[in-house]
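What follows is a short report on a single structure.
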2 protein chains.
Amino acid sequence: MASITEENYLKALFNLSNNQGEASISDLANQLGVSMPTANSMVKTLQKQGLCKYEKYKPVILTEQGKKAAALIIRKHRLTEMFLVNKMGFGWEEVHEIAEQVEHIHAPKFFERMDEMMGFPTVDPHGSPIPDKQGRIQELHLKSLSEAVPGQEAVIAALSDSSAEFLAYLNSRQLSLGTELKILSKESFDQSMTVAYGEKERESLSQKVCEKLLIRIFD
Amino acid sequence: MASITEENYLKALFNLSNNQGEASISDLANQLGVSMPTANSMVKTLQKQGLCKYEKYKPVILTEQGKKAAALIIRKHRLTEMFLVNKMGFGWEEVHEIAEQVEHIHAPKFFERMDEMMGFPTVDPHGSPIPDKQGRIQELHLKSLSEAVPGQEAVIAALSDSSAEFLAYLNSRQLSLGTELKILSKESFDQSMTVAYGEKERESLSQKVCEKLLIRIFD
DNA sequence: ATATTTTGTTAGATTATTCTAACAAATTTG
DNA sequence: CAAATTTGTTAGAATAATCTAACAAAATAT
């Protein structure tokens, strides 16, 4: 039912409201690269369909129906990304743009078949959870590397930034999901961390990078 | 550049003008399920982009540029159909609807990767030729089964109708591409033919069916 | 608490794609 | 060939998604 445009608004609202549960018109407009009046009028349209709650000058809140619709689009996006990497040999930095288009395809069997072929994965190539068929998302309470302390060991489980630039940076440092890190030290003046992994005995990672690496710490 | 709507008009024009090299406004409108004024105005839009030639009350003719654009969309459609059947386990009767959506994706690498994974197929699951990257189509001068005569042997190479209904009919008779047929007889009053293939010693095929089966006759 | 800035809204216009109604040209038929 | 039918066109309107300009409310900063 929802047009591609509407689907993109739902996805943006879902992503923006991950923390607060709500999103402002200006954030929404920014996220989608449209003007505020455009975002404003589309929000009214979505509200009429029961997908979000909206009152003048108040933030936008997705309804349960809206959240589910958004999660199901994200499910298609993440399944597609995983399929492109696992079954078609793409790099994790190449798949977002393609998945951005494939996610709007209406063909349940297509995505079910992908899911099956991959053995029902629970996360995408960047470690983000894949919502289930009911639109439920399994939260992965992960910490960021910046929260770890020297002496700890951890494995990279996900990323909080999956931009092609950041992924290219990680590629250049041989960092990927599953990489095991030993935290050697942390500089107090710039929060940068020195870590060891694979062949690398001492690598320095800036605060920005550490914040974006989501880890599971070994007990 | 072209919108999905424009791409669908190009494809329809290409298919309609396979024989004559031209298509009428009413055929175009019919094919796409839109009104004649709608088709008329879109044709004017395509003409402004140099994709077709059009004069009032005359049939529409695709330009070389228009033909190439259409062929490249058809290339994506047919590669997708083949991928769905060969790599994802779909039946040949299930793939048209999905390919109809996937063909509009702008991601050259995605389709090149499919092509590579399949070993550069030249025909789709219904035997229709896949245009090359330059939009050139290799014509497969095939005959229809109705042109064959008793005593001849032939193999089914393609179909001139790939509707889900016809494909379901063929499935129910165990007929598929590659099936080898022996023509036993032909009824002169209704043009139906009796053939043998696989386990079947005598199967009768109506004229309608014979016309839709494209064959290569054994020398 | 007033002034300034940011955020949000309304109004009005634009482009793409579609429609119906009315009319006109072309084709087919008797 | 004239009448009837089919095909095609024009005009005018509707919906979706977008914009800019102008104004209004809310938030922030002096």
Side-chain angles (χ1 to χ4, degrees), chain A residues 1-17 19-62 66 69-70 73 100-101 103-104 106, chain B residues 1-17 19-62 66 69-70 73 100-101 103-104 106:
Chain A
M1 340 274 99
S3 68
I4 291 178
T5 306
E6 288 170 338
E7 291 192 346
N8 284 332
Y9 277 84
L10 284 174
K11 233 185 2 149
L13 284 171
F14 189 93
N15 290 329
L16 288 171
S17 56
N19 323 309
Q20 313 299 320
E22 47 181 56
S24 71
I25 295 284
S26 73
D27 287 351
L28 181 60
N30 255 291
Q31 175 94 24
L32 290 165
V34 299
S35 67
M36 284 202 293
T38 301
N40 180 282
S41 83
M42 182 54 77
V43 161
K44 289 177 185 169
T45 303
L46 294 176
Q47 192 210 17
K48 276 177 209 142
Q49 296 171 63
L51 295 164
C52 69
K53 219 175 75 186
Y54 168 68
E55 285 172 275
K56 265 192 188 186
Y57 299 106
K58 296 258 188 71
V60 189
I61 302 173
L62 283 177
I73 298 161
E100 205 67 10
Q101 297 178 68
E103 72 189 5
H104 300 295
H106 295 293
Chain B
M1 343 272 102
S3 67
I4 291 178
T5 307
E6 287 170 339
E7 290 192 347
N8 285 332
Y9 276 85
L10 284 173
K11 235 187 1 153
L13 283 169
F14 189 92
N15 289 329
L16 288 170
S17 57
N19 323 307
Q20 312 298 318
E22 48 183 56
S24 70
I25 295 283
S26 73
D27 287 351
L28 180 60
N30 255 290
Q31 176 92 25
L32 291 165
V34 299
S35 67
M36 283 202 293
T38 300
N40 180 282
S41 84
M42 181 55 76
V43 161
K44 288 176 184 168
T45 303
L46 295 176
Q47 192 210 17
K48 277 177 207 140
Q49 297 172 63
L51 295 164
C52 70
K53 221 176 76 185
Y54 168 68
E55 286 171 275
K56 264 193 191 183
Y57 300 106
K58 297 259 186 71
V60 188
I61 301 172
L62 283 177
I73 299 160
E100 204 69 9
Q101 297 177 68
E103 71 190 4
H104 300 295
H106 294 294

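Below, chain A is the first sequence line, B the second, and so on; all start at residue 1.
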Contact string for nucleotides 7-24 of chain D, one letter per nucleotide 5' to 3', B = base within protein heavy-atom range under 4.0 Å, S = sugar-phosphate only, - = neither, reads -BBB------SBBBB---
Those residues at least two apart in sequence (or on a different chain) that pass salt bridge (charged side-chain N to carboxylate O under 4.0 Å, His left out) with A/Glu103 are A/Lys11
In A/Val43, A/Asp27, A/Leu16, the residue satisfying side chain to side chain contact (heavy atoms under 4.5 Å, CB included) with A/Val60 is A/Val43
**OP:** Check whether any side-chain heavy atom of A/Tyr9 lies under 4.5 Å from a side-chain heavy atom of A/Val34, and answer yes or no.
**Re:** yes
The reported gap from CG in A/Leu32 to OG1 in A/Thr5 (rounded to nearest 0.5 angstrom) is 9.5 Å
Which atom pairs, one a donor and one an acceptor, fall under 3.5 Å between side chains of residues 48-58 of chain B and the rest of the protein, sequence neighbours left out?
| unit_1 | atom_1 | unit_2 | atom_2 | d |
| --- | --- | --- | --- | --- |
| B/Gln49 | NE2 | B/Glu6 | OE2 | 3.0 |
| B/Gln49 | NE2 | B/Thr45 | O | 3.3 |
| B/Tyr54 | OH | B/Asn40 | ND2 | 3.2 |

Hits for side chain to side chain contact (heavy atoms under 4.5 Å, CB included) against A/Ser35, two or more places apart or cross-chain, chain-then-number order -> A/Pro37, A/Thr38
Any B/Leu13 side-chain heavy atom under 4.5 Å of B/Leu46 side chain = yes
Hits for side chain to side chain contact (heavy atoms under 4.5 Å, CB included) against B/Glu7, two or more places apart or cross-chain, chain-then-number order -> B/Ala2, B/Ile73, B/His104, B/His106
Whole-Å distance, B/Gln49 CD to C/dT15 C1', equals 13 Å
Taking five pairs at each terminus, the helix from C/dA1-D/dT30 to C/dG30-D/dC1 shows an axis bend, to 10°, of 10°
